[in-house]
Amino acid sequence: MIFYGPAPQVSLDNNEPPSNIVEYMVNLVEGDHDEGDEIPQDDQQEQNGEEWFEEQLEEDLKWSFALNRVLHIGASQFQDVALVDSKRFGKVLLIDGRLQSAENDEFIYHESLIHPPLLLHENPRTIFIMGGGEGFTAREALKHKYVEKVIMCDIDEVVVNFCRAHLEANHEAFSDDRLHLVFNDAKTELEKTEEKFDVIVGDVPDPIEGGPCNNLYTKNFYEQVIKSHLKDNGIFVTQAGPAGILSHKDIFTSIYNTVKQVFKYVLAYTAHVPSYADSCGWVMASDQPLNLDAAQLNSSIQERIRGKLLYLDGAFIVSSTVVNKTIFTS
C-alpha cells in the first residue's frame, strides 16, 4: 500500500542536506554512505535525540516516526527502495520515500486483502496477483492448502528481488513451487493470456493524478480485462486506499462505486493499520453471491489454512464489512 503525497522532508546532516529521504537513498546507492549506517543527526529534525522519518500524507497532514538506521537501499528504473529500522513499527519498507509496509503490522493489510476472497470462494485453485512485489500478498495466498498456482505479476523486477533478499518473512513464499513470478505490466499480462483464474487480486499503488496505476482502477479495465479473466464463480478483490472518516472520499468511495457498476455482488470492508495512520479499505466483487457466515468462515479457516492467522477470524471478517454511517452515506 502506498499513501499519496510529496516525498517526505528529512534533513540528514548540517552541510547542505538532501531535501528528502529519496535523495538520501540515491546518495546511498551512489556510495556516499553504506548500508547499515546510523542516520546522521540534524538539530532541526531531532526530537528527544532521535531521527524521525516524515511523510506528507496531505497538504495539511504529516506523519512521522522515529528511526534507528537505514538497513538496505536500492534503485530501479522505476523507483527507489529502502528498508529502514524504526523504533515503533520494526523494519519499514519505503518506496520512493513513502511507507509501503511495516514489519509489526503488515499482516493486518495482507490478511485482509487475501483471506476474505479466498475463504468465500468455494474452491480457489488459481490466483493472479497484480503487483504485490514485497511478497506478503503471495505469502498469505500460499497459506491455503488447496491453492495450486499463484501468479504474482509486478512491473519492477529490481524491487521484487530487493524484497526477496531482505524481507526474511517471505523467504518461504518466494521459494514455494506454486509461486510464478512475472515481471510485466499487470494489464498487459492479463490481456495477453487466455487463462482464467479463481481469484484476481489488485495490490498496486493508489490511483492518483498522473499515477502509473490509474488504468487498473477504471470501469473499462474491470469490465473488459478482470471479468474476462475470472472463472464463472471467480472473485475479484482490490486494495482501495485510505478508508477513514476524513480520507475515504479520495479513493475508497470512488473504487467501490466503480466496481459496483461492473459486478452483481460487491462488498467493501475496512481495517485500521497503525503504520498507515488511518483505516484501509478493500473492495471484493463477484457475479456470484458473497455469503458471509462467521461459523462457516471459521470452519474454512481451520480446514484450508496452514498455521494460524494473526488478525482475522470469521466474526471479524463479517464485522469488517459493516461500514460506519459517515462512509456508507457518502
Side-chain angles (χ1 to χ4, degrees), residues 1 93 100-101 103 106-204 216 225-226 228-239 282 284-286 288 297 299-312 317:
M1 181 87 171
L93 182 69
Q100 180 85 1
S101 61
E103 178 182 28
E106 57 79 15
F107 62 90
I108 301 173
Y109 172 87
H110 294 99
E111 285 190 12
S112 298
L113 175 64
I114 282 293
H115 297 298
L118 266 65
L119 292 168
L120 289 176
H121 193 286
E122 61 183 15
N123 187 22
R125 301 283 180 171
T126 57
I127 318 297
F128 187 96
I129 299 170
M130 302 186 295
E134 305 144 291
F136 291 122
T137 301
R139 179 199 67 199
E140 294 302 317
L142 291 165
K143 289 180 180 178
H144 286 251
K145 300 175 185 177
Y146 307 125
V147 164
E148 297 171 351
K149 182 180 183 181
V150 175
I151 296 176
M152 188 182 94
C153 180
D154 196 286
I155 198 169
D156 199 332
E157 183 174 4
V158 171
V159 169
V160 172
N161 287 337
F162 178 95
C163 295
R164 187 174 188 172
H166 299 304
L167 298 180
E168 294 88 351
N170 296 333
H171 284 175
E172 184 177 347
F174 275 117
S175 64
D176 194 306
D177 291 339
R178 296 173 294 165
L179 179 63
H180 302 261
L181 297 178
V182 177
F183 301 107
N184 197 0
D185 173 78
K187 181 175 182 290
T188 301
E189 187 64 27
L190 279 171
E191 287 175 335
K192 77 177 187 180
T193 185
E194 296 182 0
E195 187 173 0
K196 294 191 175 185
F197 301 93
D198 294 311
V199 178
I200 296 178
V201 180
D203 188 20
V204 295
L216 302 181
V225 180
I226 294 294
S228 64
H229 288 88
L230 280 174
K231 295 178 183 178
D232 291 341
N233 62 342
I235 297 177
F236 169 61
V237 66
T238 182
Q239 77 87 12
W282 300 267
M284 178 168 45
S286 180
Q288 300 296 321
L297 287 166
S299 177
S300 295
I301 289 170
Q302 291 297 318
E303 176 189 349
R304 300 184 188 183
I305 294 178
R306 292 187 179 92
K308 294 182 179 181
L309 299 183
L310 298 176
Y311 185 68
L312 294 178
I317 291 173

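Keep in mind that this is a model prediction, so the values were computed, not measured.
- Other residues, nucleotides and ligands contribute more than 12 heavy atoms inside 6.0 Å of the CG atom of Asn123.
- Checked by atom type and distance alone, the side chain of Thr137 never pairs as donor or acceptor with a backbone atom of Gly132 at under 3.5 Å.
- Separating the CD1 atom in Ile129 from the NE2 atom in His180 is a distance of 11.5 Å, to the nearest 0.5 Å.
- The backbone N or O of Ala173 sits nowhere less than 3.5 Å from a side-chain atom of Asn170 that would complete a donor-acceptor pair.
- The backbone N or O of Lys149 lies less than 3.5 Å from no partner atom in the side chain of Arg125, so there is not a single donor-acceptor pair.
- Thr193 places no side-chain N or O within donor-acceptor distance of the main-chain N or O of Leu190, the cut-off being under 3.5 Å.
- With a 6.0 Å radius and a threshold of 12 heavy atoms from other residues, nucleotides or ligands, Glu148 has its CD atom above the threshold.
- Taking 4.0 Å as the cut-off between side-chain N and carboxylate O, Glu134 and Arg164 do not count as a salt-bridged pair.
- In this structure, His144 has its ring center under 6.0 Å from that of His115.
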Set out, in order, the CA-CA distance, both residues' side-chain angles and the distance that settles side chain to side chain contact (heavy atoms under 4.5 Å, CB included) for His110 and Tyr311, then state yes or no. CA-CA 10 Å; His110 294 99; Tyr311 185 68; over 6 Å; no
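- Asp198 has a carboxylate O that lies under 4.0 Å from a charged side-chain N of Lys231, or vice versa, which qualifies the two as a salt bridge.
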After noting the C-alpha distance and the side-chain angles of Glu111 and Arg139, does the key distance pass the salt bridge (Lys or Arg N to Asp or Glu O under 4.0 Å) rule? CA-CA 10 Å; Glu111 285 190 12; Arg139 179 199 67 199; over 6 Å; no
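- Side chain of Arg304 to backbone of Lys143: no donor-acceptor contact under 3.5 angstrom is found.
- Taken to the nearest 0.5 Å, the CD1 atom of Ile317 stands 7.5 Å off from the CG atom of Leu309.
- With His229 contributing its side chain and Val225 its backbone, the two residues share a donor-acceptor pair below 3.5 Å.
- The residues Lys187 and Asp185 are annotated as not salt-bridged, no charged nitrogen and carboxylate oxygen being separated by less than 4.0 angstrom.
- Around atom NZ of Lys308, no more than 12 heavy atoms belonging to other residues, nucleotides or ligands sit under 6.0 Å away.
- Of the possible polar contacts, none joining the Gln239 side chain to the Gly202 backbone as a donor-acceptor pair under 3.5 Å is found.
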